[in-house]
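Residue numbers begin at 1 in each chain, while the letters A, B, ... track the order of the sequences.
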Amino acid sequence: MLAQRFIQLSSRRLQANQPALSKFAAPAAIAARIQARHVAFQPSSSPVQTTPAKPSDAYSILAAQRRLRPVSPHLSIYRPQITWYLSISNRITGSLLSGGLYIFSLAYLASPLFGWHLESASLSEWFGSLNAFAKGGIKFMIAMPFTFHSFNGVRHLVWDVGKELSNRQVQVTGWGVLGISVVSAMVLALLV
Amino acid sequence: MAAQRTFTKQAIPKSMTSNFRGQSIVTHSSPFKPSTLSITQITTFRVADFHTSSRRHILPAGPQVINGTANDPAPVPQPSPTHGSYHWAFERLISAALIPLTVAPFAAGTLNPVTDAILCATLLIHSHIGFQALIIDYLPNRRVPKTRALFMWALRAGTLLVGVGLYEFETNDVGLTEAIKRIWTA
């Protein structure tokens, strides 16, 4: 019985690790299973080997077992939901905005060394030379993280005082924040 | 031996024994004889049972270190309001302060250099706390203590330099809000 189980599991694992082999592995597994059943029904004294373990081995066995514990599956197996999508979006948009601020400030500080022109006058001159589509696009790409992170930040502060915390409310406020962010970002992008 | 037997029996899941069509694993061994399955075989079965699709090691398990004995409780850190509730309240205070500071130039229609400087300082603290949270979450101390320390020091140095840069921008240029306004309406 154990031999049958072992062949079944190893063929399944082989199939999972090398999908290309699945065409051949499946019939082979069936054949092996039939064969294994014949073998398994014969009375045998010891179907598997025994490994003696001393109490002093407990820690190494425990450590080995811990390494074999299943790891969490990747994010892609979870259903996309407004709750966790907005949660990670809050972090991503915040990182983009803060990252932008950090990069600009460091570049501004280093600009005299490299002769870069990052003063507001030259930056606005460069931006003014772009066409309307590029201007609108760049503005929207900056405004969208800003409006989303701002409104979602307010949503977080509302949670922090213990309000709007039911599943339904979290979903409703989530969609609300998303809508307000997109609309206000578009308004800001069209602002001249 | 007694310890090993109880350990082994606990490790066999119900789903596995039920697959033996009535001939359960327990009947294989007499009550006085330890189970015939070794630990490694059982654990291999259990993992294989769980993963029916291919395994992708995103974060493979690192070396397992047992500090003290296996039954020691996890160390409880000393309670400290500075690292707890005060810190939490301070983070929220900084976040909440950003709302009026952001709205004020829009609402007033004019730009005050002092308000702008306070906005820059608050943004800097808010960003620093945010990056700190990223490092704490994605570079855990038990897995990559050295990388985490390196990133923490890089962040401190970065925040300091960014502070100097913002000070330079505020004093030599037109200020953050006015600069954004000029670029936006260019």
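Closest approach of A/L101 and B/S127 over heavy atoms only: CD2-OG, 4.2 Å. Closest approach of A/L157 to B/A96, counting heavy atoms only: CD1-CA, 3.8 Å. Closest of all the heavy-atom pairs between A/S95 and B/L134 is OG-CD1, 3.6 Å. Taking every heavy atom of both residues into account, A/S120 and B/D173 meet most closely at OG-OD1, 2.5 Å.
By the criterion of side-chain heavy atoms lying less than 4.5 angstrom apart, applied directly or through intervening Ile, Leu, Val, Met, Phe, Trp or Tyr residues, B/F151 is grouped together with B/V144 in one hydrophobic cluster. Connection of A/I103 to A/L113 is not established within any shared hydrophobic cluster, with ILVMFWY side chains joined at heavy-atom distances below 4.5 Å, either directly or through further cluster members. B/V162 and A/L109 end up in the same hydrophobic cluster when Ile, Leu, Val, Met, Phe, Trp and Tyr side chains are linked at under 4.5 Å. Cluster membership for B/F131 and A/I88, using ILVMFWY side-chain heavy atoms within less than 4.5 angstrom, is shared. Both B/I135 and B/Y138 are assigned to one and the same hydrophobic cluster, defined by single-linkage of ILVMFWY side chains at heavy-atom distances under 4.5 Å.
In the displayed structure, A/Q169 atom CD is contacted under 6.0 Å by more than 12 heavy atoms of other residues, nucleotides or ligands. More than 12 heavy atoms of other residues, nucleotides or ligands sit less than 6.0 Å from atom CH2 of A/W116. Atom CG of A/N167 has 12 or fewer heavy atoms from other residues, nucleotides or ligands within 6.0 Å. Other residues, nucleotides and ligands contribute at most 12 non-hydrogen atoms within 6.0 Å of the CE atom of A/M186.
Interatomic distance, CD of B/E91 versus CG of A/D160, reported as 9.5 Å (0.5 Å rounding). For the atom pair CZ (A/F151) and CD1 (B/I99), the distance works out to 10.0 Å, reported to the nearest 0.5 Å. Atoms CD and CD, from A/Q65 and B/Q64 in turn, are 11.0 Å apart once rounded to the nearest 0.5 Å. Note that NE2 of B/H126 and OG of A/S98 are 6.5 Å apart. Values are rounded to the nearest 0.5 Å. Annotation: the span from A/F104 atom CZ to B/F169 atom CZ amounts to 4.0 Å, rounded to 0.5 Å.
Of all the listed residues (A/K139, A/K135, A/K54, A/E119), the one sharing the greatest number of non-hydrogen pairs under 4.5 Å with chain B is A/K139. The candidate from B/L123, B/L166, B/N172, B/L98 with the greatest count of non-hydrogen atom pairs under 4.5 Å with chain A is B/L166.
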- Message: For a side-chain contact (heavy atoms from CB on, under 4.5 Å) check, start with the C-alpha distance between B/T102 and A/F146, then their side-chain angles and the critical distance, and finish with the verdict.
- Response: CA-CA 11 Å; B/T102 312; A/F146 172 72; 3.5 Å; yes

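Contacts of A/L188 with chain B are made by both backbone and side-chain atoms, with heavy-atom separations under 4.5 Å. Looking at B/Y167, neither its backbone nor its side chain comes within 4.5 Å of chain A, counting heavy atoms on both sides. With a 4.5 Å cut-off on non-hydrogen atoms, A/L191 touches chain B through its backbone and its side chain both.
By the 4.5 Å heavy-atom criterion applied to side chains, B/L161 and A/Y102 are not counted as neighbours.
For a heavy-atom cut-off of 4.5 Å, chain A lies close to B/A179, B/R182, B/I183, B/W184, B/T185, B/A186 in residues 179-186 of chain B.
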